[in-house]
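To start, the structure itself, in structure tokens.
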Amino acid sequence: MAILAEYHTATSVEDVLNLLRRHESKLAILAGGSHLVGALETRKRRDLDGVISLARLGLDDIRIENERVRIGAMTTLEQLNKIRDEAGAAGSLLSQAVRYEGPLNLRNQATIGGAIALAEVDSELYTALLALSARVSGWLLTGEKVTVHLSQKDEVAALSLIEAVDFPLPVDSTGHARVARSPMDRPIVAAVAVRTPDGDRSAICGVAPYPILAETPFDPPDDYLADAKYRLRVGPILLARARGQL
Amino acid sequence: MEIRLTVNGVEESLEVHPGELLRTALRRLRIYSVKHGDETGEAGSDAILMTHDPETPTSYRLVNSGVLLAAQADGASIITVESMAPEEIRPPGAEMHAGLHPLQEEFVTCGAIQCGYCTPAQLLAARHLLDQIPDPSEAQVREAIAGVLCRCTGYVKPVAAVLRAAARLRGETPEPLPIDVRNVITGGEWPSPEGEELGPRDDALDLERKTRTVPVTVAPPQTRVVNQPEPKVDAVKLSKGRPVFAGDVEMPGMLYGGLLTSPHAHARILSIDTSAACVLPGVHAVLTHADVPRVIYASGGQSYPNPPPYDQVSLDNKVRHVGDRVAIVAAESPELVQMALERIRVEYEPLPALFEPEQAIAPGAPVIHDEPDARLIHDPERNIAVELHVEHEDVDRALEGAAHVLTTEYRVHQVQQASIEPHIALSYWDEDDRLVIRTSTQVPFHVRRMVAPLVGLPVRRIRIVKPRIGGGFGGKQEMLIEDLVAHLTIATGRPVLFEYSREQEFTSARTRHPQRLRFRSGVDETGKLVGMDVHVLADTGAYGTHGLTVQMVTGFRALSTYWLPAARFHCDVAYTNKPVPGAFRGYGAPQALFGLEQHMDELAHHIGMDPLELRRRNWIQVGQDMPMAVAMGEGRDGFPQTIQSSGLAECVEAGAAAIDWDRRTESQWCQDPERPHIRRGMGLALCMHGTGIAGLDMGAASIKLNDDGSFNLLVGATDLGTGSDTVLAQIAAETLGVPLEQILVYSSDTDFTPFDTGAYASSTTYISGGAVLKAAEDVARQIREHAAKHLLKGADPDRVRLEGSAVHIGEDISVSLEEVALHATHQADQHQIMATASHMSYLSPPPFAAQYVAVAVDVETGQVTVEKMVMAVDCGIAINPVTASGQVEGGMTQALGYALCEEMCYDEAGRVVNPRFGAYRIPAAHEMPDMEVILVQTYEPSGPYGAKAVAEIPMDGLAPAVASAIYDATGARIRQIPFTPDRVLRALG
């Protein structure tokens, strides 16, 4: 049951930052809401006085220019399909990855900014963006605008407001492999590989608390889906399969 | 804050609070088609189409109104299913389908609507798709509706309905809906591996196998309504999203109820301080164990007297699982309820908790039920709720003489019914100071009897109303929340609406019993079973409801599918500190058959015989007795049973052809050269279930003739989405010689409909249908007699017939039912033509089935993918082939989840760690395997129009069939479900 006292519709970045500064941790940013509203309804989040909607900030544009794809933070996951053709192999990879994030009605609501902020252990979209060498731009609470690599998890987490994510083109080919309880379930472990003119890059989820680049040491969770031993065993197998598709 | 919405073209302005959901706001605007399925968006039953740019029609998006704040929708335009058939009231003379959108029409005619709770959201998802893609592929349809979970249909018919509607909207004529119905073949049976043809037995009496002659099968009935694919009688209103469910009403002064649950698996409550909750303005009641009478009861919705143990009270001073009841609140809004619940201070004394039944029954284990007033617990000191022991002949001696003996063990897990509509009830005092409870229940009459003593009211002051039910699957065969909502209305004098959250469905409702099963059996040199010994240790969680009877069914199913000269069943039903198992579709049979069918496979391999041949040599046949039936009733002695109909051999044959059974030996199919880590295999499991509970279930029906020749059919039976109202109406219509629309069904209300035990045990078609048949025959007799005497010149009533809404004598003379009705009520021998009849049966004729699957196993990750599943079912004559096949499709889909991905998981403190959809994975539309259903019709002489049951048997065979298929593919035998990747990979080594 969502118990909130305040609902703010921000009209500018400064507006958002001011609200966050004024209320500190008592306000949370509301992007699409597919995750936060559920957390409020189930009382997993009880610490909030209110939310700040980003709906009027206009952060939902997708651009391909200067051999980079730039996706606004408020772009819904379903809207990523817009670049399926334009962005070539990268577009196909993202379309495939978002399909595993959830069904259409959730993809229509969930945003790429939300997916980055959450960095869920089983997010294949996040994993794909890691493999695509994605960068995240946004603002610190101080108002300073910064751009950091998605793989810099702590730096990304320090952003008070995410503006956009971008990654370079061209992408020559991609690979993707996963294991799950059922064909469209969120994965237990999934791996993504990307080949660009600069070389190959792989990422994996389900073997650490959040998706990681393949060369990062594995720190697998031990949970109801599978134990750490299993994740350690299949992680390299899936990475090899994903790379084998390049 | 004020927001503005345009809902179905109507501009609305309303005041919302910052945390209010869009779903809540829409329902305040009387948009009842948006349904609460969960709090986190995975259910999708609250989906709507929404845009902030209504000038661009293509900008509408399918979103879930339950994970959107109302404020987020400020300025939006919203479309709900209410706009799809805008004609609010069907005009006089219009057909039932009048005004429906083609999608709605196809959902109705294809049988795509079972409980109908998710239907509005599915329709919107489909409409959104067809607006964008007029000629979608099946995969695109599945993708479009994937976010709307359906627990009833298995998605086959909704997908077919969308494709057909798309064709119609393109101006094409869609193909007829394929329903594979076959009549049993009288000659020839499944050929043995040696090529031996096994015809019918020559001898009429087989003393060794105790076979005796029974009535022969008869030809399929020549019927006009029965055995026809009639649309469901409730489908039109469900397709319109009409307010037909328990939560779809509002009452002046209505309060909301809520439950505080235990965070501890086992603890004594030392004190509860409710003061901080009580002082909140708008909170009207906070009740604890100190405030309600302590009356011991058993919560299973079962016949009187409820089977033991009696080990529950409404609110206790001890909690026995995480999610157990602690306190209840009534307040003026759901938010206030939540705030009050969070202000209740409870001091607990945590106690050691037990999570495994072996641990629970070990000497020295903490005692879970140490309360002095619990009754009929078998051995409370050892945490054994129930002990069952049944023997037929001397098993040990039989096994001593066997040529081969094999012992194997299996484990089955805990799963949840997961109806999309959670448990929900509304209670209020009526104008006569009677307590009315409008509740989503499968057992209204049991609930009335069981609530009465708990709230201190006589039965005559309680009325239970069962509206449409948004799925039950056994979970609502329980008196679960009705006592709580009643306590709150009694305490406040106000109407109270009480609904579980999705998490509470997992922690505080009911589940399926986990079991450990050990099978020991022996065969002679020819492969005939000489005896079987089944030992089960079952986990009934914190309370013993259904613990006795579910496990008794496990024993009966384990020891009846194959004919056994000697058999023994022993079961200890242990308490643990886990959420409580209860009734769940299959009711002990899925557990039994997982063990039995794997055991038969293993036994076959042990003795070097083809598994199907071993089964064929032993499966029970027409004319054979079921010795265990006498010893194993449900909570009491049973009654002798002889098989009178079986299409099992034909099911095996039809299913094998459908799945292409011989392909499993083709190396190209078994191992894909392009994917060397994939191995394919096939598996088979035979199934046998029951049809009602012999000598116990009873249903009654009333039928009365109206002025215009229509009939009111009043039944206590509860249609929980299965289509039983339709099936019962078909039986009445057939008997009375009228089309289906002339039967007006009402079910069920303890004030107005006659008694029925309720919707469980696959009983409604057989038992309640038997009552309808009797009542209809009585009414038909009265019509014939009145017409013959007064309107057909004194004709012999035995020579007149009812047909086409008229009474006929010969070919040329007839009188309409309308004339008979008006004459009987106004002109001569005035009386109301009506009848009430009851029906029970000492027989429980088994439906049979053959379940086949084809799987692909990833031997490097352990992922199992079911590629095809086929079930051929002998359900007797299918009163409605569309609803019957829908039952099989939906049941198989639940069974798929049971086998592969559904599992309640716990942490070390006994907390369910996945109490939400998604984490608890039920199959979605876009991940379903190819599915095929074949109805193999036999004629069951004891059933109405030859019918047997169909509702539960599809739940029984999939898990063992998948296990066999995995073995076939990889050589790994996995004796525990679900077949999750980690478990499978461990088995593969």
Side-chain angles (χ1 to χ4, degrees), chain A residues 1-9 30 32-44 46 48-51 53 55 76 78-79 99 102-110 177-189 223-227 229-231 233-234 237-238 240-241, chain B residues 1 17-21 38-42 44 47 52 61-64 66-69 71-72 74 121 125 143-144 146-148 334-335 337-339 342 501-503 677 858 860-863 865 897 900-901 903 905-906 913-914 916 918-919 921 923-924 926-927 978 980-982 985-986:
Chain A
M1 194 55 53
I3 301 173
L4 296 175
E6 301 172 39
Y7 183 95
H8 302 275
T9 302
L30 179 67
S34 60
H35 184 275
L36 178 60
V37 175
L40 291 166
E41 277 291 296
T42 54
R43 304 295 287 154
K44 302 291 184 243
R46 300 184 182 194
L48 298 177
D49 293 321
V51 294
S53 169
T76 66
E78 184 61 17
Q79 285 173 322
R99 191 164 170 255
L104 176 65
N105 28 349
L106 291 177
R107 295 199 302 268
N108 274 331
Q109 194 177 340
R178 67 196 308 271
V179 60
R181 294 172 296 179
S182 68
M184 292 308 299
D185 192 11
R186 301 274 291 215
I188 300 169
V189 180
D223 64 18
Y224 70 96
L225 287 173
D227 59 21
K229 188 177 167 188
Y230 174 84
R231 294 169 190 271
R233 181 172 169 184
V234 302
I237 292 168
L238 295 177
R241 285 187 191 174
Chain B
M1 59 190 293
H17 65 79
E20 182 166 339
L21 296 177
D38 63 3
E39 294 73 33
T40 48
E42 286 90 359
H52 280 88
R61 294 176 297 142
L62 186 76
V63 292
N64 293 339
V67 281
L68 272 168
L69 297 178
Q72 288 179 273
D74 186 19
E143 189 76 24
V148 184
E335 293 74 21
V337 170
Q338 187 63 38
M339 290 165 71
E342 291 175 13
S501 66
R502 181 53 55 187
E503 179 168 346
H677 54 280
D858 184 330
E860 292 180 345
T861 67
Q863 180 165 323
T865 304
L900 290 187
C901 53
E903 183 174 21
C905 302
Y906 294 89
V913 297
N914 57 339
R916 58 180 279 188
R921 183 76 186 177
H926 57 343
E927 58 181 355
T980 51
D982 60 338
L985 194 61
R986 273 199 303 274

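All chains are named by letter (A, B, ...) in the order of the sequence lines, taking the proteins before the strands, and each is independently numbered beginning at 1. Atoms considered below: every heavy atom in the structure, side chains included; atoms not considered: hydrogens, waters and symmetry mates.
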> Any side-chain donor-acceptor pair under 3.5 Å between Ser182(A) and Glu927(B)?
Replying inline: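 Side chains of Ser182(A) and Glu927(B): pair found under 3.5 Å.
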
May I ask you to name which of [options] has the most heavy-atom pairs under 4.5 Å with chain A?
options: Glu860(B), Glu42(B), Glu20(B); result: Glu860(B)
options: Arg921(B), Glu335(B), Arg986(B); result: Arg921(B)
options: Leu900(B), Asn914(B), Val913(B); result: Asn914(B)
options: Thr40(B), Thr980(B), Leu21(B); result: Leu21(B)

So [Y] and [X], do their side chains get closer than 4.5 Å, heavy atoms only?
X: Leu62(B); Y: Asn105(A); answer: yes
X: Ser501(B); Y: Thr42(A); answer: no
X: Arg502(B); Y: Glu41(A); answer: no
X: Ile3(A); Y: Met339(B); answer: yes
X: Ile188(A); Y: Asp982(B); answer: no
X: Glu342(B); Y: Arg46(A); answer: yes
X: Asp858(B); Y: Arg241(A); answer: yes
X: Leu985(B); Y: Arg233(A); answer: yes

> Would you find a donor on one side and an acceptor on the other, under 3.5 Å apart, between the side chain of Gln72(B) and the backbone of Gly32(A)?
Replying inline: yes

> Can you tell me if Arg61(B) uses its side chain to pair, donor with acceptor, with the backbone of Asn108(A) under 3.5 Å?
Replying inline: yes

Non-hydrogen atoms of chain B under 4.5 Å away: do they reach the side chain of [X], the backbone, both or neither?
X: Ser53(A); answer: neither
X: Val51(A); answer: side chain
X: Tyr7(A); answer: both
X: Leu225(A); answer: backbone
X: Ile237(A); answer: side chain
X: Ala55(A); answer: neither
X: Asp223(A); answer: neither
X: Arg231(A); answer: neither
X: Thr9(A); answer: neither

Using non-hydrogen atoms and a 4.5 Å limit, figure out which bit of [X] sits close to chain A: side chain, backbone, both or neither.
X: Glu503(B); value: side chain
X: Ala71(B); value: both
X: Thr861(B); value: both
X: Ala125(B); value: neither
X: His926(B); value: both
X: Glu903(B); value: neither

With respect to chain B, which residue among [options] yields the maximal number of heavy-atom pairs within a distance under 4.5 Å?
options: Glu78(A), Lys229(A), Arg99(A); answer: Arg99(A)
options: Leu30(A), Thr76(A), Val189(A), Asp227(A); answer: Leu30(A)
options: Leu238(A), Asp185(A), Val234(A); answer: Asp185(A)

Of the non-hydrogen atoms in [X] and [Y], which two are nearest, and what is the gap between them?
X: Val67(B); Y: Gln109(A); result: O-NE2, 2.5 Å
X: Pro183(A); Y: Thr865(B); result: CG-CG2, 4.3 Å
X: Pro103(A); Y: Ala146(B); result: CB-C, 3.9 Å
X: Ala2(A); Y: Gly19(B); result: CB-O, 3.4 Å

> Can Glu143(B) and Arg107(A) be said to form a salt bridge (charged side-chain N to carboxylate O under 4.0 Å, His left out), step by step?
Replying inline: CA-CA 12 Å; Glu143(B) 189 76 24; Arg107(A) 295 199 302 268; 3.6 Å; yes

